[in-house]
Amino acid sequence: MTWFPVSYTKEAKRLGILAGPLIVAQLSQMGMGVIDVVIAGRYGAVDLAGVGLGSSLFWPLTLLLTGTLMAVTPTVAQLHGANRTTETGPVARQALWMALVLALLIFAVLQNVEPFFRWVNVDPAAIPIASQYLGDFSYGVFAMLGYYVLKNLCEGLGFTLPSMVILLFALAIKIPLTYVLVFGFGEFEGLGGIGCGRANAIIMWFQLICIVIAIQTTRIRLSKVFQKIEWPHFSTIFSLAKLGLPMGLTIFVETSFFSVVTLLVGKLGVNAVASHQIAMSVGGLGFMIPLALGMASTIRVGTNIGANRVHAARRSVVVAMISSISVGLIVASILLLTRHQIVQLYSTNSEVVLLAAHLLLLCAIFQLFDSSQVTAVGSLRGAKDAKIPMLLATISYWLIGMPIGIVMAFGGFGFAGLGVVGFWYGMIIGLACASLLLVLRLRWVTNNLTVLSARFTTMQQAQKTLPVD
């Protein structure tokens, strides 16, 4: 009777080997956003609001595209599990073509965002900063999407270390770079909040160069992704887009929900935006660990399905979910105990500090639901289940969470508005619904993994993704 705990312990170790570097990488990535918030906040409340509003538009659009490119990870993982590793490089090359087109689209959008901010009617003082912040940021999107394709290739092959090392170096460089571009140095006067956008663009090109070097100097070079340049294979690109677009839309549905909330909070004044931005930034740090566990679960589930190891895939799901919920409980406890000290790291404005500390109480509840839903989504991606999660997320966030948040924030139906606090109630309710529905979907998929694995086996016998180099 000892096989049950031993098998789960081994799975936890495998998941941990993958998730450990991903956790550090995601925390480093989130740390870059925190650096923007902290440095812009020290410069001034208007600059902090501008950076917050700019980020609220940039990240939903960007995550829609990077989420679409996430199709590379389960595709590569299943091919790797089926001992078809030689086909992973050509898949990545086709994903790079897709990334180029997506980068052109987002570049055009980010260069022309000022009319949108004026249409939304956010605080006029923050609009010039937000617009120029995004304009500078846009020059890094080409590098960013290329980096994500190559990062997903590495992770699909079970090699998560490069992204950790690269992001740690990038974080170390970004701190002084952002400070200089915001506050200035010597004769350079600094750009204020706009400097955060310029620093981000520089860091994105640094990350792309580093991931190329990492691939060429590690076992990932066996994928032969840089062996040649080839024209687009539209059947492969279509296959990746068909899988990746629902993944990207799922992320977009969630992040745009939070970003629209931030834009609506903009109607409540600079202090409300700053407090909300601080609470979201802190909550985002805690979110990075469950996110990494979900990403590791994508790899483990995909690899096991590709190798036709159904029971192992189920174990991966169980271990990932238990780990993620445990992390959510720990983060919630930390927020409850240290919220005042945390907020004082971000701002010295007494009104901002008081309101943000109150929002962190709600953020503690927020963490519990956020941790379970993101890991459930990651596990579902490993099984290439993307369309239904997208629909469930849309219902939870936009048909339930958003209307409730608007009414509770601004008032209506005889209810006096609660301001920014009301939006946090709406976000919690939306997340709770998403968590419940996605976990139920994951249970159904887990119970039908035998069918899904057989389907993949049939596909791999019937076709090849691309001609092998």
Side-chain angles (χ1 to χ4, degrees), residues 29-30 32-41 43-68 99-148 170 174 177-183 190-208 248 251-252 255-267 270 273-274 276-277 280-281 284:
Q29 185 70 63
M30 187 64 193
M32 293 189 191
V34 172
I35 289 169
D36 286 348
V37 174
V38 171
I39 294 179
Y43 191 87
V46 175
D47 285 79
L48 175 58
V51 170
L53 291 170
S55 297
S56 71
L57 180 61
F58 175 83
W59 287 113
L61 291 174
T62 302
L63 290 173
L64 170 62
L65 305 186
T66 58
T68 301
L100 176 60
V101 174
L102 296 176
L104 289 170
L105 291 174
I106 194 171
F107 178 82
V109 171
L110 295 179
Q111 287 289 320
N112 299 278
V113 294
E114 185 171 341
F116 173 76
F117 284 126
R118 298 197 182 281
W119 176 71
V120 176
N121 195 31
V122 298
D123 193 319
I127 291 177
I129 296 172
S131 300
Q132 294 179 63
Y133 165 84
L134 290 174
D136 282 11
F137 212 151
S138 66
Y139 289 99
V141 297
F142 299 93
M144 182 187 67
L145 295 186
Y147 166 79
Y148 270 95
K174 189 178 189 305
L177 178 63
T178 303
Y179 188 88
V180 168
L181 289 175
V182 171
F183 284 97
L191 303 171
I194 299 167
C196 295
R198 189 165 299 181
N200 284 324
I202 294 170
I203 291 298
M204 287 173 181
W205 283 102
F206 170 78
Q207 291 177 197
L208 177 62
I251 297 173
F252 177 77
T255 55
S256 63
F257 166 68
F258 295 123
S259 294
V260 169
V261 167
T262 298
L263 291 172
L264 293 174
V265 169
K267 296 176 180 290
V270 169
V273 173
H276 174 75
Q277 186 67 22
M280 289 297 293
S281 176

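Bear in mind that the values here come from a model prediction, so they are computed numbers and not experimental data.
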(message) As an exercise, state the distance from SG of C196 to NZ of K174, rounded to the nearest 0.5 Å.
(response) 6.0 Å

(request) Could you tell me whether the side chain of D36 reaches within less than 4.5 Å of the side chain of N200, counting heavy atoms only? (result) yes

(message) Can you tell me how the ring of F107 sits relative to the ring of F142, calling it parallel under 30°, perpendicular over 60° and tilted otherwise?
(response) tilted

(request) Kindly compute the distance separating CG (L105) from CG (L100), expressed to the nearest 0.5 Å. (result) 10.0 Å

(request) Please list, chain by chain and in numerical order, all residues satisfying side-chain hydrogen bond (donor to acceptor under 3.5 Å, both in side chains) with T68, sequence neighbours excluded. (result) none

(request) Give the minimum heavy-atom separation between Q207 and A170, together with the two atoms involved. (result) OE1-CB, 3.9 Å

(message) Nearest 0.5 angstrom please: L208 CG to L145 CG, how far?
(response) 10.0 Å

(message) Nearest 0.5 angstrom please: Q111 CD to D136 CG, how far?
(response) 8.5 Å

(message) My understanding is that only one of V180, V182, L181 makes a side chain to side chain contact (heavy atoms under 4.5 Å, CB included) with T178; could you say which?
(response) V182

(message) Checking Y148 against L65 for the side chain to side chain contact (heavy atoms under 4.5 Å, CB included) test, could you report, in this order, the C-alpha distance in whole Å, the side-chain angles of both residues, the deciding distance, and whether it holds?
(response) CA-CA 10 Å; Y148 270 95; L65 305 186; over 6 Å; no

(message) Could you check whether any side-chain heavy atom of H276 comes within less than 4.5 Å of a side-chain heavy atom of V261, counting everything from C-beta outward?
(response) yes

(message) Working to the nearest 0.5 angstrom, can you tell me the gap between R198 CZ and L191 CG?
(response) 5.0 Å

(message) Within this structure, what is the CG-CD1 distance for the pair L64 and I106, rounded to the nearest 0.5 Å?
(response) 8.0 Å

